[in-house]
Amino acid sequence: MNVRIAISTGSPNPIYRQIAEQVRMAIATGKLRIGDQLPSVRALAEDLVLNPNTVARAYTDLTRDGLIESRSGRGVFIIRKRKVFTREEDRRRLEPLMDALIGEDNPMHFTREELQEAFQKKLSQWKDGGPS
């Protein structure tokens, strides 16, 4: 795997979610590509000194989202993202994420323009202008 997963025990995000988000970001930025192999659950758990169930939960989320698949006897691989949800469901799932971001804005005192600039900068980091 071309990407190093780093976890933060002090983060409010659960460890399994940190793993899944880092894999998602690596796919979105092109650091992981279709066909790349991820470490086995056991190997990544040993590397990160975690319970294998934690890694398995991250992999389950990524599988459910259509980003990875386990191939019997061969390992876990990045796949072309399958459409899992309808466009309407995608938008419904996006709303709370945007609300959380904008809700965090107030204590950080970002202007609308600063938020837009930060969002545009992050979007520009995605390969082909969007997730795979």
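These numbers were taken from a predicted model, which means no experiment stands behind them.
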Report task. Any chance you could lay out the salt bridge (charged side-chain N to carboxylate O under 4.0 Å, His left out) test for E21 and R24, step after step, and finish with the verdict? Result -> CA-CA 5 Å; E21 287 303 316; R24 283 186 187 97; 2.8 Å; yes
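Expressed to the nearest 0.5 Å, how far CG of L123 lies from CD of Q116 amounts to 11.5 Å. A distance of 9.0 Å separates CD1 in I34 from CD1 in I78, rounded to the nearest 0.5 Å. Taking CG from D65 and OG1 from T60, the interatomic distance works out to 11.0 Å, rounded to the nearest 0.5 Å. Taken to the nearest 0.5 Å, the CD1 atom of I19 stands 10.5 Å off from the CG atom of D61. In this structure, CD1 on I68 lies 3.5 Å from OG1 on T63, to the nearest 0.5 angstrom. Atom CG of L38 sits about 11.5 Å away from atom CD of E69, to the nearest 0.5 Å.
Here the shortest heavy-atom pairing between I5 and Q22 reads CA-OE1, 3.5 Å. When all heavy atoms are compared, the tightest approach of Q18 to N13 is NE2-O, 2.9 Å. Shortest non-hydrogen contact noted between Y16 and T54 is CB-O, 3.4 Å. Nearest heavy-atom pair across P52 and A45 is CA-CB, 3.7 Å.
Judged by distance alone, with hydrogens and angles left aside, the side-chain atoms of Q37 form a donor-acceptor pair with the main-chain N or O of R74 at under 3.5 Å. At least one donor-acceptor pair closer than 3.5 Å links the side chain of N51 to the backbone N or O of N53.
Linking ILVMFWY side-chain heavy atoms closer than 4.5 Å, directly or via other members, places I15 and L44 in a single hydrophobic cluster. Taking hydrophobic clusters as Ile, Leu, Val, Met, Phe, Trp and Tyr residues chained together by side-chain heavy-atom distances below 4.5 Å, V3 shares a cluster with V41.
In this structure the side chain of P39 reaches within 4.5 angstrom of the side chain of Y59, judged on heavy atoms. Here the side chains of I7 and L50 are in contact, with some heavy-atom distance below 4.5 Å. V23 is not listed as a side-chain neighbour of L67, based on a closest heavy-atom distance of 4.5 Å or more.
Residue-environment remark: CZ (R71) exceeds the threshold of 12 foreign heavy atoms within 6.0 Å.
Taking 4.0 Å as the cut-off between side-chain N and carboxylate O, R92 and E89 count as a salt-bridged pair.
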